[in-house]
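A note on names: the letters A, B, ... follow the listed sequences, proteins ahead of strands, and every chain is numbered from 1.
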Amino acid sequence: MRYEFLQKYDVAEQKYHKILEEDEANSAVHKRLIAIHKAQGKIPEAIKELNKYLERFMSDHEAWLELANLYIAEMEYGKAAFCLEELIMANPQCHLYHQRYAEVRYTQGGTENMELARKYFAQAAKLNPTSIRALFGLFLAASHLAAQQKGGGTKSSKTENKKYAAWAAKQIQERYEALGQREDSQIKALTATLDSLELS
Amino acid sequence: MAEIEISVRSYVKLVLHAAKYPHCAVNGVLLADRKRYKDDKIVSIVECVPLFHLALGLAPMLEVALSQIDAYCEQNKLIIAGYYQANEHVKDSSPNAVTHKIMDRICDNFSDASLYMVDNSKMTPDMEDAVFRIYAFQDGKFKERNPDSITLEEQCLSAASGLLNQKVFRNLVDFDNHLDDITQDWLNNHLNEVIEIHSW
């Protein structure tokens with residue numbers, strides 16, 4: 001790691017490969033090699049190596065999250081979503097993964113992705129009722145769907161989405177108002193936001 | 001292309017944000033005085049709102065942040081006139097896909113908006129030179145602006161240097177911090193006085 005710090009990456013890599021010759025299963029060293037790629041700005045190589053690493057060490061949550069972040073940085077949202085799905089399967093009670101997954105689906109866009117985003121934001125809000133991100137996400141996703149849909153569809157209809165959005169907006173406002181000594185300008189900014197984002 | 005003036009407050013908040021998260025990419029927006037632009041055609045940057053340090057490329061929280069900031073601007077006769085980004089990698093100071101995406105949004109609202117790309121190698125406590133390069137955004141391309149059209153207010157560099165040394169960035173709040181805990185003020189009103197004192 002000292003060589004990494006000195007940016008003598010070739011020497012560092014040699015040292016790490018030597019350690020791996022003695023112990024193939026040293027996951028920390030594998031990850032340092034990937035980190036070297038990242039430090040040199042070689043993101044596609046880092047992604048490739050990280051994928052290979054995860055084929056062997058499938059239960060390394062930190063690695064799945066890192067891969068998801070790398071994909072998000074490269075705007076490969078579909079692949080990022082896959083990584084987050086693995087994390088959700090392993091940790092279904094963690095609201096953070098649900099939230100991040102919903103954000104990725106929302107960014108991808110399209111009705112199906114928006115529906116998924118809404119569902120996962122709702123689940124994140126259920127797992128952690130204090131999560132403002134989940135509430136905002138739910139509000140945005142439901143508003144988008146309500147704006148896109150015509151009334152009386154087979155899936156959640158326009159009215160249902162409006163109800164979800166309204167509920168989320170109310171929750172958010174209550175949380176902000178409960179702060180009491182908040183500056184008026186911030187509450188006004190929030191109200192204006194909720195009104196302007198309500199697309200219907 | 002209008003001239004740009006940058007206040008101590010905005011410069012310092014930008015620098016503190018980048019310093020607070022040296023291991024992450026960070027971004028934020030810069031707000032200008034609407035009247036000054038209308039009357040004198042000068043983009044006078046008076047405020048800086050740090051946005052995110054986690055997953056810059058995800059849409060929902062960005063929409064929430066920009067709507068709240070827009071509403072705040074409406075109330076205070078300001079306009080979102082700039083966007084800054086500091087990349088994760090110390091040697092990488094070029095705009096990426098996320099930069100394009102966000103600048104598109106901002107320029108839709110204000111065509112004279114500029115991009116402030118932080119050069120990480122200039123982030124030193126000595127602060128001899130402005131930490132960013134400023135680019136205009138036209139026809140989907142970034143073009144570096146003439147440095148003569150840009151004025152930093154007199155005490156910018158010394159105030160930033162002083163506050164970096166005092167590690168004031170620990171108290172800076174960005175939008176990510178606010179979403180995690182809504183009692184934290186994304187306008188950083190608590191820092192304004194501290195910055196004022198250092199700009200004498």
Side-chain angles (χ1 to χ4, degrees), chain A residues 7 38-43 68-77 80 96 99-100 102-109 114 117 121 130-141 143-144 172 175-176 178-198, chain B residues 23-25 27 31 47 49 52-78 85 87-94 96-102 109 120 173 175-190 192:
Chain A
Q7 295 188 16
K38 210 179 160 199
Q40 293 175 300
K42 295 177 183 166
I43 305 297
N69 285 333
L70 287 174
Y71 277 134
I72 291 172
E74 296 285 297
M75 295 178 97
E76 299 243 29
Y77 297 118
L96 295 167
Q99 211 171 270
R100 184 57 68 88
E103 287 186 36
V104 168
R105 286 298 185 195
Y106 182 100
T107 311
Q108 271 185 297
M114 202 57 75
F121 275 127
T130 59
S131 168
I132 282 283
R133 283 178 208 258
L135 289 172
F136 266 124
L138 177 57
F139 171 73
L140 283 173
S143 301
H144 263 287
I172 297 170
R175 303 251 188 289
Y176 273 87
L179 296 175
Q181 68 274 51
R182 261 327 231 198
E183 278 191 29
D184 261 338
S185 61
Q186 294 235 14
I187 304 258
K188 279 190 208 143
L190 178 71
T191 318
T193 309
L194 293 171
D195 288 335
S196 74
L197 287 172
E198 195 141 10
Chain B
H23 57 293
C24 300
N27 65 359
L31 312 181
E47 182 63 271
V49 180
F52 306 113
H53 58 274
L54 306 162
L56 306 190
L58 293 177
M61 298 306 130
L62 180 64
E63 284 186 26
V64 171
L66 290 177
S67 304
Q68 283 212 26
I69 296 170
D70 245 336
Y72 173 78
C73 284
E74 270 303 314
Q75 291 159 16
N76 295 278
K77 303 205 182 18
L78 299 171
Q85 187 173 310
N87 288 329
E88 198 177 343
H89 203 282
V90 79
K91 291 188 183 152
D92 178 13
S93 58
S94 40
N96 55 22
V98 172
T99 324
H100 273 88
K101 213 170 88 172
I102 300 179
N109 207 23
N120 293 315
V173 173
F175 222 85
D176 262 330
N177 301 137
H178 172 75
L179 289 170
D180 290 333
D181 173 9
I182 53 174
T183 58
Q184 303 217 21
D185 173 19
W186 50 266
L187 280 166
N188 289 293
N189 285 310
H190 53 288
N192 291 339

Which atom pair, heavy atoms only, marks the closest approach of [X] to [Y]?
X       : Y      : result
G41(A)  : H89(B) : N-NE2, 3.4 Å
M75(A)  : V98(B) : SD-N, 4.3 Å
G137(A) : M61(B) : N-CE, 4.1 Å

Open item on the list: Set out, in order, the CA-CA distance, both residues' side-chain angles and the distance that settles side-chain contact (heavy atoms from CB on, under 4.5 Å) for L58(B) and Y77(A), then state yes or no.
Closed with: CA-CA 9 Å; L58(B) 293 177; Y77(A) 297 118; 4.1 Å; yes
Task: Heavy-atom contact with chain A under 4.5 Å, split by part of E88(B) - done: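 Only the side chain of E88(B) comes within 4.5 Å of chain A.
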Open item on the list: Please classify the contact of Q108(A) with chain B as side chain, backbone, both or neither, using a heavy-atom distance under 4.5 Å.
Closed with: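 Neither part.
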Open item on the list: Tell me which of these, A59(B), A55(B), C73(B), A97(B), has more heavy-atom pairs under 4.5 Å with chain A than the rest.
Closed with: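 Between A59(B), A55(B), C73(B), A97(B), the count favours A59(B).
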- [ ] Could you tell me whether a side-chain N or O of R133(A) sits under 3.5 Å from a main-chain N or O of D176(B), the two making a donor and an acceptor?
- [x]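 Checking the backbone N and O of D176(B) against the side chain of R133(A), a donor-acceptor pair under 3.5 Å is found.
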